[in-house]
*Asks:* 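Quick one: the structure is below, questions incoming.
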Amino acid sequence: MPELPEVHGYKTFMERTVLHQNIIGLDCRDTRLLKRSLSEFENQLIGYEFESIERIGKYVFINLNNSKVLVMHFGMTGRPHYYKNEQERPKFGHLQIKFNNGYHFAFENKRKFGWWDLTNSISDYKAAHKLGTDARTLAFEDFYASVRSRKTDIKKVIMDQSVAAGVGNWMADEILYQSKIHPKTRVEDMDSSEIQRVFDAMKLVIEVAIENEAHYEDFPKHFLMHFRKEGGRCHHTDVEIKKTKVGGRTTYYSSEWQDNLD
DNA sequence: CGTTATGTTTCACT
DNA sequence: CAGTGAAACATAAC
């Protein structure tokens, strides 16, 4: 599920729930979700508090009051939970924190592609992991500069987390549908006005998705998410949506609407 | 049983 | 260095 708009909602949820409470316990059911040893997490978390939260793309950085930073990535199937009774711990809540107010925070992660890490510096972490500027705040000049020299399909480029952090598979399809650009268009074949269109659509999709709290059913009628499936029909042309692969990822597009290649 | 899934990382190869 | 394709990670759901 989680791409930029979903993770944005998770951050807001966590800001309303987990800040400024003493951490008194950490329960880990599977250490494969931890990028460091369990004892390192225990040492850095227990006895401390979460002070503030930042989000860059799909990454969440939680600042602790001991100057450490807990880095969280939800993978493909992650979600945060907050509840009082431990009975409410979700089935796939593999990591759980207990606070001194009696409440619990669970990191639900069905497929276990999500993880936690620790760092001393968000900027060092960004550099080391080639994480770019968040797509929501990225300026066109910077987007254009990192896109224009690429020699591959536009969809691959906008999903590159060093270009625009936060764009994932469904957003990339939606952005290109809104731009009327075929996902396999080579960037070197695009002019600056087409790149501008992609950029504008990226901003639009992000804001619409955040406004609607990533509830796809509430998106405007002309959004691909309503018919992004086999047998779906394009809102504009009524032609059946096509399915293909781009960069190894399932890709849906409307061949007549995004007609610059087909 | 086989297929698919909204993500990231690594690696062999061009 | 840029780019590609595939594999790996791990598991539920259809």
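Computed from heavy atoms alone, side chains included, the values below leave out hydrogens, waters and symmetry copies. In what follows, chains carry the letters A, B, and so on, assigned in the order in which the sequence lines appear, proteins first and then strands, with residues in each chain numbered from 1. Here the structure is a predicted model, which is why all the values come from computation and not from measurement.
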*Asks:* Who does C:dA10 pair with, Watson-Crick or G-U, both distances under 3.5 Å?
*Replies:*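 Across any shown strand, C:dA10 pairs with none.
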*Asks:* Is A:K98 salt-bridged to A:D27, cutoff N-O under 4.0 Å?
*Replies:*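 Salt bridge absent between A:K98 and A:D27.
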*Asks:* Just say parallel, tilted or perpendicular for the rings of A:F227 and A:Y177, cut-offs at 30° and 60°.
*Replies:*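 Perpendicular.
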*Asks:* Would you call A:K11-A:E54 a salt bridge at under 4.0 Å N-O?
*Replies:* no
*Asks:* Where the side chain of A:Y216 is defined as all heavy atoms beyond and including C-beta, which of C:dA12, B:dT8, B:dT6 is the nearest nucleotide?
*Replies:* B:dT6
*Asks:* Is A:T250 close enough to B:dT4 that one of its side-chain N or O atoms is under 4.0 Å from OP1 or OP2 there?
*Replies:*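 Checking B:dT4 against A:T250, no side-chain N or O comes under 4.0 Å of OP1 or OP2.
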*Asks:* Consider the side chain of A:Y252, meaning its heavy atoms from C-beta on, and name the nucleotide among B:dG7, B:dA5, C:dG3 that approaches it most closely.
*Replies:* B:dA5
*Asks:* Side-chain N or O of A:R32 less than 4.0 angstrom from OP1 or OP2 on C:dC9?
*Replies:* no
*Asks:* Do you know the tightest heavy-atom contact between A:W170 and A:E6?
*Replies:* NE1-OE2, 3.0 Å
*Asks:* Is the shortest side-chain N/O distance from A:H73 to OP1 or OP2 of B:dT8 below 4.0 Å?
*Replies:* yes
*Asks:* Does this structure show an ion pair linking A:R32 with A:D30, if we count only N-O contacts that are shorter than 4.0 Å?
*Replies:*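 Yes, this pair counts.
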*Asks:* Heavy atoms only, 4.0 Å cut-off, all strands: where does A:G168 land among base, sugar-phosphate and nothing?
*Replies:* sugar-phosphate
*Asks:* May I ask you to verify if any side-chain N or O of A:H129 is less than 4.0 angstrom from the OP1 or OP2 atom of B:dT9?
*Replies:* yes
*Asks:* Atom OH of A:Y125 and atom C1' of B:dT8: how far apart are they, to the nearest Å?
*Replies:*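 In whole Å, B:dT8 C1' lies 10 Å from A:Y125 OH.
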*Asks:* Of the options B:dG7, C:dG3, C:dT11, whose atoms approach the side-chain atoms of A:K112 most closely?
*Replies:*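 Among the listed nucleotides, the one closest to the side chain of A:K112 is C:dT11.
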*Asks:* A:K110 side chain N/O closer than 4.0 Å to the phosphate oxygens (OP1, OP2) of C:dA10?
*Replies:* no
*Asks:* Stacking between A:F113 and C:dC9, defined as ring centres under 5.5 angstrom apart with planes under 30°, is that present or not?
*Replies:*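 So yes, this residue stacks on that base, both cut-offs being met.
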*Asks:* Can you tell me, in whole Å, how much space there is between the P of B:dT3 and that of C:dA6?
*Replies:*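 16 Å, rounded to whole Å.
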*Asks:* Would you say the side chain of A:R111 and the base of C:dA10 hold a donor-acceptor pair, judged only by whether the two atoms sit under 3.5 Å apart?
*Replies:* yes
*Asks:* A:T152 side chain N/O closer than 4.0 Å to the phosphate oxygens (OP1, OP2) of C:dT4?
*Replies:* yes
*Asks:* For A:F74, report the nucleic acid contact type (base, sugar-phosphate, nothing); a contact means any heavy atom under 4.0 Å.
*Replies:* nothing
*Asks:* Kindly say if A:K156 contacts the phosphate of C:dT4, meaning a side-chain N or O under 4.0 Å from OP1 or OP2.
*Replies:*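 Indeed, a polar side-chain atom of A:K156 lies that close.
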